[in-house]
Enquirer: 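Sharing a structure, written as structure tokens. Questions coming.
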Amino acid sequence: MSRTPIIAGNWKMFKTAGEAVAFANEVKGKAEIDGVESVICAPFTALPALADALKGTTIKIGAQNLHFEDSGAFTGEISGVMLKDLGVHYVIIGHSERRQYFAETDEIVNKKVFAAFKHGLTPIICVGEKLEEREAGKTKDVCKVQTEGALKGLTPEQAAQAVIAYEPIWAIGTGKSSTAEDANEVIGYIRSVVAGLFGEEAAAKIRIQYGGSVKPNNVAEYLGQSEIDGALVGGASLEPASYIALVEGAK
Ligand code: PEP
């Protein structure tokens with residue numbers, strides 16, 4: 001089964017709306033390559049301008065979070081209804097920075113995954129171990145618990161459509177990346193967890209990215225692995241030339 005590789009930039013809390021539009025104008029036509037899906041996950045405030053600037057291109061936009069309710073007294077939150085209304089396709093859920101700084105649990109992640117599907121958004125669900133968990137030999141256990149927690153209660157069809165990003169926390173923004181072989185092994189294991197929950201067909205369809213210090217010079221190595229279907233990229237997605245090189249490297 002062939003899976004379309006997906007490069008997703010995670011801009012985190014960087015770029016104003018104006019900066020996002022300038023970026024879009026630089027990457028249009030260049031970060032659009034047949035056979036590779038290109039996604040930019042921008043801050044909420046940049047999404048309307050980015051959607052407008054990328055109209056007519058194949059580059060999709062994503063958010064970095066959503067609230068699990070559609071509306072209500074949740075000051076400062078943004079719902080799936082609001083994201084869909086802007087033309088957003090993807091939403092990152094359960095990034096380790098949200099788990100660490102905003103106390104997101106597997107239960108909350110699961111509710112957000114349901115909210116994403118309810119509104120036709122594709123979740124990019126982040127899982128991955130801390131350094132001490134890796135050193136204690138718990139990488140696979142942690143990924144299993146987080147994957148099962150995030151996907152609990154979905155239909156096999158929904159699971160097949162989701163994207164998982166395996167991001168070892170010690171590799172995020174540190175310049176230390178997992179070896180491609182190690183990442184491939186863990187991602188193959190995560191796929192087997194999905195197979196256990198939803199069957200072989202869903203497991204063969206679900207796309208699982210690697211994330212953690214991916215750069216233009218190592219992206220092809222990850223993408224060349226049998227189980228790795230793309231990359232979720234923070235720092236190296238912020239400059240147009242670097243982002244274009246990442247998308248080119250995924251081909
Ligand atoms: C991320 O933010 O998801 C990430 C992987 O960051 P970086 O590429 O900077 O390590």
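Both backbone and side-chain heavy atoms feed into the values below; hydrogens, waters and symmetry mates do not. As the structure lists them, so they are numbered: ligands from 1, and atoms in each ligand from 1.
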Enquirer: How would you list, by chain and number, the residues with a heavy atom under 4.0 angstrom from ligand 1?
Expert: Asn10, Lys12, His95, Glu167, Ala171, Ile172, Gly173, Gly211, Gly212, Ser213, Leu232, Val233, Gly234, Gly235

Enquirer: Side chains of Val91 and Asn65, heavy atoms from C-beta outward: is any pair under 4.5 Å?
Expert: no

Enquirer: State which residues pass side-chain hydrogen bond (donor to acceptor under 3.5 Å, both in side chains) with Glu37; sequence neighbours excluded, sorted by chain then number.
Expert: Lys60, Tyr90, Arg207

Enquirer: My understanding is that only one of Glu185, Glu129, Glu133 makes a salt bridge (Lys or Arg N to Asp or Glu O under 4.0 Å) with Lys140; could you say which?
Expert: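 The passing option is Glu185.
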
Enquirer: Would you please name every residue forming a side-chain hydrogen bond (donor to acceptor under 3.5 Å, both in side chains) with Glu148, sequence neighbours left out?
Expert: Lys144

Enquirer: For the residue pair Tyr222 / Ser178, report whether a side-chain donor-acceptor contact shorter than 3.5 Å exists.
Expert: no

Enquirer: Just jot down the side-chain hydrogen bond (donor to acceptor under 3.5 Å, both in side chains) partners of Tyr210, sequence neighbours excluded, or say none.
Expert: none

